[in-house]
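For reference, the structure discussed in these notes is given below.
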Amino acid sequence: MGTPQRDVTIDYTTAQKELLIEKHCAFLTGYGQSHSTYQYGVTDYLRMSGIYWLCTCLDLLHSLDKIDRNYIVDYIQKCHDKTTGGYAPAPNHDSHLLYTLSAVQILVQLDRVDMIDKESLCSYIKQLQQEDGSFFGDQWGEIDTRFSFCAIACLKLIDSLHTVDIDRATDFIMSCLNFDGGFGCIPGAESHAGQIYCCLGFLSLVQRLDRVDLSTRNMLAWWLCERQLENSGGLNGRPEKLPDVCYSWWVLASLKILGKLQWINSEKLSKFILAAQDDETGGCADRPGNIPDPFHTLFGITGLSLLKVFDENTIKQVNPVLCMPEYVIQRQGIAMQLL
């Protein structure tokens, strides 16, 4: 019988077909400027990642000059926890690996690596690694393969992989491999496209993709391709879920690492992403007709970049492992493994 599929119906005869670059840039630069609103206050916990989404998307759209770089760098410094060495999502919040990676990505992208205290950052990440090779996200002890990726990505960006035990960290990642070829957040957890990206990204950064044998790679690539839904052309993150624009990144980046990007129907997926744009306000939503936000806007644009729907004069090339403009990765001389 196969796995039941849920999908959405989209009228592609009336859906948006053009890339609304100017509206997206206006949407992104105007997002969150009203600091007195309720919405601004309750999103403190993810503000650092929000800045990363905004900066990366504007850079990919050749519009990084629209931001105040000094203001952003100053904000990041206010979020630096000198006690732990990590970064918080906003001032007066706890530091966490998720937001530490976002802060490092922004500073590298803005060519301000000089603002990173590498010694304290390495110390922070090192003390979060556990005996089994996994990483706590913060002092409270949650373990997730996302945090393994964040730790390794941070260290890779500052050329400090030697700080942690790579062999044990890799063994933990492989312990999260499932029978279907996918990866979960911890051993035995359900396969999910987001976790698959994190685990493949980890293995790519430490040059250990050989730990996933050929038959498993092919099985995983088919699992990822099965995330594309027939009617809408969009991708979901796991079976029986609705399509969501953000999986245009998690699924496509994973397939790119595996060398199987051509297995996706790029025409149908690009139509889905473009249809999810808001032609009034700019920005992309999770699916057509919903409210746009910076998260889905970035991952819609990165999806289009991977699909090469537009030339690089329109959307810059994105790196499939670190989700940063490829020119930044080349400038930093960062090497990784792609199949």
Side-chain angles (χ1 to χ4, degrees), residues 1-10 12 15 145-146 149 173-174 176-185 189-204 209-276 284 286-288 296 298-310 315 317-321 323 336-339:
M1 294 292 290
T3 304
Q5 290 193 344
R6 300 176 64 205
D7 204 350
V8 293
T9 301
I10 301 169
Y12 281 117
T145 46
R146 290 178 301 157
F149 173 78
I173 290 292
M174 295 308 300
C176 298
L177 178 65
N178 290 323
F179 69 92
D180 54 13
F183 293 84
C185 57
E190 178 185 13
S191 295
H192 187 281
Q195 308 298 149
I196 290 167
Y197 160 78
C198 289
C199 293
L200 289 179
F202 173 102
L203 295 171
S204 171
L209 282 169
D210 58 287
R211 291 288 300 272
V212 183
D213 63 45
L214 181 59
S215 63
T216 303
R217 292 177 205 166
N218 288 333
M219 182 165 53
L220 173 54
W222 277 118
W223 189 95
L224 289 165
C225 290
E226 287 174 348
R227 306 282 59 78
Q228 187 163 34
L229 298 169
E230 181 65 29
N231 292 330
S232 67
L235 300 166
N236 62 21
R238 52 198 171 102
E240 301 186 59
K241 295 296 182 179
L242 290 173
D244 187 320
V245 162
C246 73
Y247 292 108
S248 305
W249 171 254
W250 313 116
V251 173
L252 290 186
S254 299
L255 286 170
K256 179 68 174 178
I257 293 170
L258 293 170
K260 304 293 185 183
L261 189 58
Q262 70 276 14
W263 287 13
I264 283 287
N265 186 320
S266 60
E267 182 180 358
K268 293 183 71 172
L269 178 56
S270 60
K271 285 182 178 179
F272 175 78
I273 297 171
L274 292 172
C284 293
D286 57 350
R287 60 189 65 92
H296 289 94
L298 169 63
F299 293 125
I301 296 300
T302 54
L304 293 173
S305 176
L306 287 173
L307 292 173
K308 297 188 181 299
V309 177
F310 301 94
I315 302 177
Q317 183 181 352
V318 68
N319 182 271
V321 179
C323 197
M336 58 200 67
Q337 184 183 14
L338 300 177
L339 299 175

Query raised in the report: When you look at Ile273 and Leu269, which way does the side chain to side chain contact (heavy atoms under 4.5 Å, CB included) test go after all the steps?
Result: CA-CA 6 Å; Ile273 297 171; Leu269 178 56; 4.1 Å; yes
Report task. Kindly indicate, with the supporting measurements, whether the criterion side chain to side chain contact (heavy atoms under 4.5 Å, CB included) is fulfilled by Leu274 and Leu304. Result -> CA-CA 9 Å; Leu274 292 172; Leu304 293 173; 4.1 Å; yes
Requested in this report: For side chain to side chain contact (heavy atoms under 4.5 Å, CB included), just list the numbers for Val309 and Ser266, CA-CA rounded to whole Å, side-chain angles, deciding distance to a tenth of an Å, and then say yes or no.
Outcome: CA-CA 8 Å; Val309 177; Ser266 60; 5.9 Å; no
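Distance check: Lys260 NZ to Leu224 CG gives 12.0 Å after rounding to the nearest 0.5 Å. Rounded to the nearest 0.5 angstrom, Gln262 CD and Lys256 NZ are separated by 9.0 Å. Between Leu255 atom CG and Ile264 atom CD1 the span is 5.5 Å, to the nearest 0.5 Å. Atom-to-atom distance recorded for Cys323:SG and Leu306:CG is 8.5 Å, nearest 0.5 angstrom. In this structure, Leu200 CG and Ile257 CD1 are separated by 5.5 Å, a value rounded to the nearest 0.5 Å. Summarising the geometry, atom CH2 belonging to Trp263 is positioned 14.0 Å from atom CD belonging to Gln228; distances are rounded to the nearest 0.5 Å.
Here the shortest heavy-atom pairing between Ala275 and Ala15 reads CB-CB, 3.7 Å. Leu229 and Lys268 get closest at one heavy-atom pair: O-NZ, 4.5 Å. Nearest approach of Gly182 to Leu220, heavy atoms of both residues: CA-CD1, 3.8 Å. Summarising the geometry of Gly184 relative to Cys199, their closest heavy-atom pair is O-SG, 4.5 Å, with the distance given to 0.1 Å.
With hydrogens and angles ignored, the 3.5 Å screen pairs a side-chain donor or acceptor of Asp7 with a backbone N or O of Asn231. At distances below 3.5 Å, at least one donor-acceptor pair connects side-chain atoms of Ser204 with backbone N or O atoms of Gln337.
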Under 3.5 Å donor-acceptor pairs involving side-chain atoms of residues 242-252, not counting sequence neighbours:
residue	atom	partner	partner atom	Å
Asp244	OD1	Cys246	N	3.0
Asp244	OD1	His296	NE2	3.0
Tyr247	OH	His192	NE2	3.3
Ser248	OG	Val245	O	2.8
Trp250	NE1	Cys246	O	3.4

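Partner Tyr197 forms a ring pair (Phe, Tyr, Trp, His ring centres under 6.0 Å) with one of Phe149, Phe202, Phe299 and no other, that one being Phe149.
Residues satisfying the side-chain contact (heavy atoms from CB on, under 4.5 Å) test with Asn319, not counting sequence neighbours, are Val321, Leu322, Glu326, Ile329, Met336. With sequence neighbours left out, the side-chain contact (heavy atoms from CB on, under 4.5 Å) criterion links Val212 to Met174, Phe183, Leu203, Thr216, Arg217.
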